[in-house]
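A short worksheet on the structure shown next.
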Protein chains: 2
Amino acid sequence: MDERKVGSLRLTLDFSQPLYEQILAQMRSLIARGAIDVGEKIPSVREMAHELKINPNTVMHAYQELERDGLTEKRRGQGTFVTESVTQIRHFKERLAFDYSDQFLDKMHSLGFRWTEIQSFLTTTREKKGER
Amino acid sequence: MDERKVGSLRLTLDFSQPLYEQILAQMRSLIARGAIDVGEKIPSVREMAHELKINPNTVMHAYQELERDGLTEKRRGQGTFVTESVTQIRHFKERLAFDYSDQFLDKMHSLGFRWTEIQSFLTTTREKKGER
DNA sequence: CAAGTGTATTATACCATATGATACACTTGG
DNA sequence: CCAAGTGTATCATATGGTATAATACACTTG
């Protein structure tokens, strides 16, 4: 687990998953949570690659996915910026949240659990996390 | 999406994920749900491979994970059997359910959602699935 | 116009996944 | 006993995703 600062951001990479997926997931979260402001510039491909000590192509891979998500806009010669559209970000968050919910329910159902049991697991898990 | 019958089981394989992971997930579900009885014999490595038209080594990979899960026991010369221990199966289900719950909550939190919002997404998703 | 952007291309390397072929150890039914 | 069916192991090979490295191009700004 390696934590590095890139500009004002904190990114953590390990080797358990593809690097570009980790960058993608963490940037998505930062934008969704508002940790990076609307319209704000994010680190350039080269800067991010240098700070994380990885290849620029790997960062590019993540950044292209971010744009496909509608979370960023690129301006040639200037850099990559978080979209100005709050609506866009809200839609992305909702879409992802529903995807996660759907996948979660599918997995629980495949194990044979029903709604009340699923609720029970969730509240128990929440209490455990709260204790930490 | 290719659906095939292997003995009394129905397995569905595609090329979106590793084959052995798909077999593993579906066998886990079948055992957890009780679709395969406690102590029952499951298809041999060779039979499963033949019916699914894949390599025996790939099936082996999935079967070895099943045993690591504590869901199956192997008997040389006889075959692979679902464990006799109902406790073992129950523990496996609970462990996996808590894992899923934990991961789900983490993802939702990373998007910036709180408990009441998470509950809301879940109930909405559940209603959508019910309509189908 | 130099420096900093995103982008594209090519080559190389590594690892997980999957296949194919073959062989061994064990158990059971005929 | 032995043939057939089990799980298991070991090769070799192929493919695709991921990551690196080096280089070049197009664009924007100070």
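By convention in this document, chain letters (A, B, ...) are assigned in the order of the sequence lines, proteins followed by strands, and residues within each chain are numbered from 1.
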Nearest-0.5 Å distance, CE of residue B:M48 to CE of residue B:M60: 13.0 Å
Salt bridge (Lys or Arg N to Asp or Glu O under 4.0 Å) pairs, two or more places apart, involving residues 108-118 of chain A: none
Rounded distance in Å - NE2 (B:H61) to P (C:dT17): 6 Å
Integer-rounded Å distance: C:dT19 C1' and B:L52 CG: 15 Å
Axis-to-axis angle between the two ends of the helix from C:dC1-D:dG30 to C:dG30-D:dC1 (five base pairs per end, rounded to 10 degrees): 10°
Where protein sits on nucleotides 8-13 of chain C, one letter per nucleotide: B base, S sugar-phosphate only, - none, heavy atoms under 4.0 Å: SB----
Residue met sooner reading DNA chain D from 5', once A:P18 and A:R46 are mapped to nucleotides: A:P18
Distance in angstrom units between B:Q17 CD and C:dT17 P, rounded: 11 Å
Listed partners of A:S120 passing side chain to side chain contact (heavy atoms under 4.5 Å, CB included), at least two apart: A:T124
Interatomic distance, A:L19 CG vs C:dC14 C1' [rounded to whole Å]: 13 Å
Contact list for residues 62-73 of chain A, test salt bridge (Lys or Arg N to Asp or Glu O under 4.0 Å), sequence neighbours left out: A:R28-A:D69, A:E65-A:R68, A:E67-A:K74
Atom-pair distance (CG on B:L24; P on C:dA18), nearest Å: 12 Å
Check ion pair A:D106-B:K129 (N to O, under 4.0 angstrom): yes
Touch class at under 4.0 angstrom, heavy-atom based, for A:Y63 against every strand present: nothing
Results of salt bridge (charged side-chain N to carboxylate O under 4.0 Å, His left out) for A:R76 - residues two or more places apart only: none
Position toward the 5' end of DNA chain D (nearest nucleotide), A:Q78 or A:K53: A:K53
Test ring-ring contact (aromatic ring centres under 6.0 Å, His included) applied to A:F121 - qualifying residues, sequence neighbours left out: A:F113, B:F98
Chain B footprint on DNA chain D, 5' to 3' - any atom under 4.0 Å from a heavy atom: D:dG5 to D:dT10
Partner set under side-chain hydrogen bond (donor to acceptor under 3.5 Å, both in side chains) for B:S44, not counting sequence neighbours: none
Contacts of type side-chain hydrogen bond (donor to acceptor under 3.5 Å, both in side chains), residue A:R10, not counting sequence neighbours: A:E3
Residues which pass side chain to side chain contact (heavy atoms under 4.5 Å, CB included) with B:N57, listed by chain and number, not counting sequence neighbours: B:N55
Any pair counted as side-chain hydrogen bond (donor to acceptor under 3.5 Å, both in side chains), so long as it reaches residues 32-42 of chain A, sequence neighbours left out: none
